[in-house]
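Accompanying notes for the structure given below.
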Amino acid sequence: MATLTHHESATAEQLVVTDGARKTFITIIVAGVVVLVLGILAQVLGWGAEHHEAAGHAAAAHGAAHEEGSSVLIKRILVSLWHSNLFFLGVSTIGTVFMAINYVAYAGWSVMVKRISEALSAWVIPGGVIMLLVFFIGRHDIFHWTHDGIMDKLVNGKPNPHYDEIIAGKSGFLNLPFYVIRMVSYLVIWGAFSWKLRQLSLQEDLNGGTYWFHKSITASALFLVLYAVTSSMAAWDWVMSVDTHWFSTMFGWYVFASWWVSGIAAIALTAIFLKQAGYLKGLSSNHLHDLGKLMFGFSIFWTYVWFAQFMLIWYANLPEEAVYYNQRLGGFEGRYTGLFYFNIAINFVFPFLGLMTRDAKRQMIIMKIVAIAILCGHWSDFYLMLMPATLRGENGFLIEIGIAAIFLGAFLILFTRRLASASLVPVNHPFLDESIHHTT
């Protein structure tokens, strides 16, 4: 690809979201609704009912059958809403994290994809609102520790049959007021810094100079410190507390690794689509190569955290720890066993082999395939984190895929609207020239 001069490349590029693109997004939403309806019909008509009795016994044995719980159908819908929104919210926040890391590192190569990472954060606020609504509506169906009386040893002076000693021991952290305060804090911090960095970037476009750049560095440094804490705590609150009796000291890193590599894949995939549509004239195979290296490297990092967590639990073989993997490797009549191995194949083996060579990272078609695989794979990773502890043997895929498609369509509408609201090229960024002439 010919190298562009600074003068040629500094021209603002405005994305135009065509009617065809909008129709595609709406079609994705409609398709999701259709699949969701099919899933609801399948649940109502009892398809797969042969698993229900065994799953019911397993749920009762683990204390999941509680008077505050909803029907299996409602529970599946609520858990699926939590699952997909959690995934998209995490990917959205990674857009801000990626931008902040590049600011504090004084990185120049990433300027060409900076507006993509800014636009990813368009889901942070709506995703946060959805998360709060789903929690207040469906907390009893998602989090066992929220059931009334489960932490009370005595009720009216008599032993409480629903009392759980282990959960009661965590009441200082897992209680409704403190939980909601933490959740709102995470969302406010992520949303506020995403908005702040976006506004500083737009001001830089209008006014030029390095003032806004240095303000962005200061804001980014503070955000990264806060995100390092809040992302781990969010993983404990939103995912790990679903398995209330189980815990892992590596779980915050595990969830972050899944979000991070998914966010990088989303940035790379968007850059490729924009390039193929005739935008981002300054984007070269060198930028793709660096994005490919990040996807390759952090797929390995995710696998490292996955293996370290699994290996230590397997080696110790303590029942209170091993139960997490027993549920996913043979539990509930093997409902999750295939997905367990698929999770490793699509999130490690496929990216590792697909992006191993230098040439592969510089080819749009290979990068596109691997990025899509990573996004699908880590959505299934969150599925595997949440479903065994909530739905146990009553899980399925139609309702879950339908809701995911609805989220995807809505996410793309907001994402492209944000992309189209400013130049795709930050023309006054002080490192723009470095990014244009980037080689690797």
Side-chain angles (χ1 to χ4, degrees), residues 85-131 182-205 212-235 238 252-253 255-271 290-291 294-295 298 375 378 407 411-412 414-424 426 429 431 435:
N85 189 56
L86 184 68
F87 175 75
F88 282 100
L89 178 62
V91 171
S92 185
T93 310
I94 290 299
T96 304
V97 177
F98 178 82
M99 180 170 51
I101 289 174
N102 282 281
Y103 267 126
V104 299
Y106 282 76
W109 73 271
S110 60
V111 174
M112 268 303 146
V113 296
K114 178 175 177 288
R115 284 288 152 80
I116 298 174
S117 60
E118 286 179 21
L120 275 182
S121 63
W123 190 258
V124 172
I125 293 177
V129 172
I130 292 171
M131 178 153 283
R182 292 197 306 272
M183 180 186 289
V184 172
S185 299
Y186 309 152
L187 296 171
V188 168
I189 289 169
W190 299 353
F193 277 95
S194 296
W195 178 85
K196 179 66 174 178
L197 288 172
R198 172 67 171 180
Q199 294 308 307
L200 290 172
S201 181
L202 295 178
Q203 288 296 321
E204 183 181 75
D205 265 13
W212 306 104
F213 175 73
H214 290 293
K215 291 270 288 185
S216 297
I217 292 173
T218 302
S220 295
L222 179 57
F223 170 68
L224 290 175
V225 172
L226 294 173
Y227 183 79
V229 177
T230 56
S231 62
S232 288
M233 294 183 70
W238 299 344
W253 279 108
V255 171
F256 168 74
S258 195
W259 275 340
W260 174 256
V261 73
S262 299
I264 298 298
I267 292 170
L269 189 61
T270 305
D290 279 348
L291 289 168
L294 288 172
M295 289 163 55
F298 282 99
L375 288 166
H378 284 282
F407 271 91
F411 179 89
L412 290 174
L414 294 180
F415 176 52
T416 52
R417 183 180 298 170
R418 173 74 64 84
L419 269 179
S421 65
S423 170
L424 292 173
H429 194 287
F431 294 160
S435 185

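When reading the values below, keep in mind they use all heavy atoms of this one structure, side chains included, and skip hydrogens, waters and symmetry mates.
- In this structure, CD1 in Ile217 is found 3.5 Å from OH in Tyr106, a value given to the nearest 0.5 Å.
- Within 6.0 Å of atom CD1 in Ile125, 12 or fewer heavy atoms from other residues, nucleotides or ligands are found, so the atom counts as exposed in its surroundings.
- Rounded to the nearest 0.5 Å, atoms OH (Tyr227) and OG (Ser232) are 8.5 Å apart.
- Every residue meeting the ring-ring contact (aromatic ring centres under 6.0 Å, His included) condition with Phe415, not counting sequence neighbours, appears here in chain and number order: Phe411.
- Contact between Leu424 and Pro426 at its shortest, heavy atoms only, is O-CD, 3.7 Å.
- Side chains of Val229 and Val225 form no contact here, defined as non-hydrogen atoms less than 4.5 Å apart.
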Which donor-acceptor pairs under 3.5 Å do the side chains of residues 184-196 make with protein atoms, sequence neighbours left out?
from	atom 1	to	atom 2	distance (Å)
Ser185	OG	Ile181	O	2.7
Tyr186	OH	Asp237	OD2	2.8
Trp190	NE1	Thr230	OG1	2.9
Ser194	OG	Thr96	OG1	2.7
Ser194	OG	Trp190	O	2.7

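- Of all the heavy atoms in Leu414 and Pro126, the pair that sits closest is CD1-CG, 3.7 Å.
- Exactly one of Leu120, Ile267, Leu197 qualifies for a side chain to side chain contact (heavy atoms under 4.5 Å, CB included) with Met99. That residue is Leu197.
- Side-chain N or O atoms of Thr93 include one that pairs as donor or acceptor with a backbone N or O of Leu89 at under 3.5 Å.
- A side-chain hydrogen bond (donor to acceptor under 3.5 Å, both in side chains) check over residues 258-268, counting only residues at least two apart or in different chains, returns the pairs Ser258-His378, Ser258-Asp381.
- For the side-chain hydrogen bond (donor to acceptor under 3.5 Å, both in side chains) test, no residue two or more places apart in sequence or in another chain qualifies with Gln199.
- Applying the side-chain hydrogen bond (donor to acceptor under 3.5 Å, both in side chains) test to every pair with at least one member in residues 108-131, sequence neighbours left out, gives these pairs: Asn85-Trp123, Asn102-Ser110, Tyr103-Lys114, Lys114-Glu118, Lys114-Ser201, Arg115-Glu118, Arg115-Ser201, Arg115-Asp205, Glu118-Arg198, Glu118-Ser201, Ser121-Arg418.
- Residues Leu419 and Thr270 come closest through the heavy atom pair CD1-CG2, 4.0 Å.
- Distance alone, capped at 3.5 Å, places no donor-acceptor pair between the Ser216 side chain and the Leu200 backbone.
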Trp238/Val255 under side chain to side chain contact (heavy atoms under 4.5 Å, CB included): CA gap, chis, key distance, verdict: CA-CA 10 Å; Trp238 299 344; Val255 171; over 6 Å; no
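- Here Trp253 pairs with Phe256, Phe301, Val305 under the side-chain contact (heavy atoms from CB on, under 4.5 Å) rule; sequence neighbours left out.
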